[in-house]
Amino acid sequence: MKITPQKIYKILLKKFGDLNWWPIDINYHEKNNSDPRFEVIVGAILTQNTAWSNVEKALTNLKLLNKLDIKNISEININELQDLIRPSGFFKQKAKRLKDLVSYLKDKYHGDLNYLFYRDISVIREELLSLKGIGPETADSIILYAGNLPIFVVDAYTRRICQRIPLNTNISYDEIQDYFETELSRNYTKKELTKVYNELHALIVLLAKKYCKKNPECIECPLKKICSYYAELFQ
DNA sequence: GTCCAGGGCCGTT
DNA sequence: AACGGCCATGGA
């Protein structure tokens with residue numbers, strides 16, 4: 001029996017259910033008439049190699065001062081921005097990355113995310129990747145979770161699980177991404193894919209945090225029946 | 001006190 | 001192309 005991404009998706013979905021990942025503070029954005037997608041974008045930058053709990057503190061700081069929108073980030077003093085996002089770590093480079101990003105959004109799209117996400121996915125991806133501080137995972141997280149467009153996000157967790165099962169032992173980001181997208185495209189319609197990519201990435205992150213850790217705890221892992229790493233434990 | 005988290009950049013080999 | 005050092009805070 002061949003192990004596929006769609007099989008893993010089914011097992012994890014049955015075990016953990018719908019995760020409704022990357023929920024944003026809709027009350028804040030309704031009250032301030034701001035774009036909730038921008039909160040996702042900021043979160044994607046701030047969470048680089050950083051625990052989400054620390055990112056939440058930074059986002060809270062930005063909201064308390066009503067700074068969580070494109071216009072206000074572009075106008076805020078860089079030192080003040082650093083101070084607000086300090087809890088998320090790497091605060092100097094992340095402040096610069098946010099500044100560069102909002103400059104790009106203002107210059108090219110008049111600060112309107114509709115204009116950005118209206119474009120082709122490949123164009124959005126290339127533009128985001130051209131910005132210093134936005135690599136493949138951040139770009140794809142923005143496209144998927146802010147743009148609600150079908151692209152599969154690969155991260156350190158995805159790689160680790162792919163190696164252990166093994167599902168796909170490629171190292172390059174693009175090859176793993178292409179593998180997941182090609183496989184999943186065979187079983188789901190175009191309309192379903194965004195939802196599937198969104199959910200599967202969230203499920204993978206949860207699995208990696210609970211079971212497939214750096215030092216794995218395989219005993220109760222929902223994937224142990226199809227995982228050769230688990231099988232080798234008992235050789 | 002040590003480890004590590006939802007990466008990415010840059011310099012060296 | 002691949003690897004190592006670096007960036008920084010806060011929770012376990």
Side-chain angles (χ1 to χ4, degrees), chain A residues 5 8-9 12 16 18-25 37-62 64 78-104 124-148 151-164 169-178 180 194 196-217:
Chain A
I8 290 178
Y9 177 54
L12 294 179
F16 296 120
D18 259 354
L19 296 182
N20 183 27
W21 219 40
W22 218 311
I24 38 81
D25 186 349
R37 294 173 294 184
F38 186 63
E39 179 173 345
V40 178
I41 294 175
V42 172
I45 303 244
L46 295 184
T47 198
Q48 290 170 350
N49 203 37
T50 301
W52 183 252
S53 56
N54 285 1
V55 177
E56 285 182 316
K57 297 178 198 303
L59 290 174
T60 298
N61 287 343
L62 292 169
L64 285 174
I78 184 95
N79 293 311
E80 189 185 350
L81 179 59
Q82 285 181 14
D83 209 43
L84 292 173
I85 67 171
R86 181 181 294 270
S88 71
F90 306 125
F91 56 88
K92 290 181 185 170
Q93 39 173 288
K94 283 176 180 174
K96 182 173 183 351
R97 288 172 186 185
L98 288 176
K99 279 290 196 180
D100 289 349
L101 178 69
V102 294
S103 303
Y104 152 75
I124 302 171
R125 190 170 198 264
E126 275 182 39
E127 284 189 6
L128 291 175
L129 286 177
S130 74
L131 302 175
K132 295 294 178 199
I134 297 191
E137 187 188 338
T138 307
D140 292 343
S141 294
I142 289 171
I143 294 169
L144 177 62
Y145 291 104
N148 200 32
I151 197 162
F152 186 74
V153 176
V154 177
D155 63 358
Y157 293 149
T158 311
R159 290 196 179 133
R160 185 196 294 163
I161 292 167
C162 279
Q163 299 272 350
R164 282 181 180 160
T169 52
N170 278 315
I171 347 166
S172 98
Y173 187 102
D174 290 350
E175 281 179 313
I176 297 180
Q177 178 179 59
D178 187 60
F180 273 88
T194 301
V196 172
Y197 293 159
N198 179 321
E199 195 61 36
L200 178 56
H201 178 64
L203 289 164
I204 284 174
V205 171
L206 181 57
L207 180 81
K209 281 181 171 172
K210 279 189 98 150
Y211 305 105
C212 206
K213 310 176 184 178
K214 185 163 280 189
N215 287 315
E217 296 176 12

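Here is the naming used below: chain letters follow the sequence lines, and residue numbers restart at 1 for every chain. Predicted, not measured: the structure shown is a model, and the values here were computed from it.
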Using whole Å, report how far CD of A:Glu217 lies from C1' of C:dA12. 13 Å
Please give, in whole Å, the distance from B:dG7 C1' to A:Phe90 CZ? 8 Å
Can a donor-acceptor pair be found between the side chains of A:Ser103 and A:Asp100 at a distance below 3.5 Å? no
Can you check the distance between B:dG8 and C:dG10, where both ends of the measurement are the P atom (answer in whole Å)? 22 Å
Separation of atom NZ in A:Lys209 from atom C1' in C:dA12, rounded to whole Å: 13 Å
Position toward the 5' end of DNA chain C (nearest nucleotide), A:Lys57 or A:Asn49: A:Asn49
A:Phe91 side chain: which of C:dG11, C:dA8, B:dC9 is closest? C:dA8
Rounded to whole angstrom units, what separation is found between the NZ atom of A:Lys210 and the C1' atom of B:dA5? 18 Å
I want to verify a distance call: between B:dC9, C:dT9, B:dA5, whose nearest atom is closest to the A:Pro87 side chain? C:dT9
Tell me whether the side-chain N/O atoms of A:Thr138 come closer than 4.0 Å to OP1 or OP2 in B:dG8. yes
Residue met sooner reading DNA chain B from 5', once A:Gly133 and A:Ala51 are mapped to nucleotides: A:Ala51
How is A:Gln93 classified with respect to the nucleic acid when contacts are heavy atoms under 4.0 Å: base, sugar-phosphate, or nothing? base
Taking CH2 from A:Trp52 and P from B:dG7, how many angstroms apart are they, rounded to a whole number? 12 Å
Given atom CD of A:Glu56 and atom C1' of C:dG10, what is their separation to the nearest angstrom? 13 Å
Could you check whether A:Gly135 gets within reach of a base, just the sugar-phosphate, or nothing at all, counting any heavy atom under 4.0 Å? sugar-phosphate
Candidate nucleotides C:dA8, B:dG7, B:dC4, ranked by approach to the side chain of A:Lys92 - the nearest: C:dA8
Would you call the rings of A:Tyr197 and A:Phe152 parallel, tilted or perpendicular, taking 30° and 60° as the class edges? perpendicular
How long is the line joining CD of A:Glu175 and P of C:dA1, in whole Å? 12 Å
Donor-acceptor contact present, side-chain A:Tyr211 to main-chain A:Pro216, <3.5 Å: no
Quick check on A:Lys99: does its NZ atom have over 12 non-hydrogen neighbours (other residues, nucleotides or ligands) under 6.0 Å away? yes
With respect to the side chain of A:Gln48, which nucleotide from B:dA5, C:dA2, B:dG8 is positioned closest? B:dG8
Closest listed nucleotide, where the reference is the side chain of A:Ile171 and the choices are C:dA2, C:dT9, B:dG8: C:dA2
Less than 3.5 Å apart, any donor N or O on the side chain of A:Arg97 or A:Gln93 sitting next to an acceptor on the other? yes
To the nearest angstrom, how far is A:Asn54 atom CG from C:dA12 atom P? 10 Å
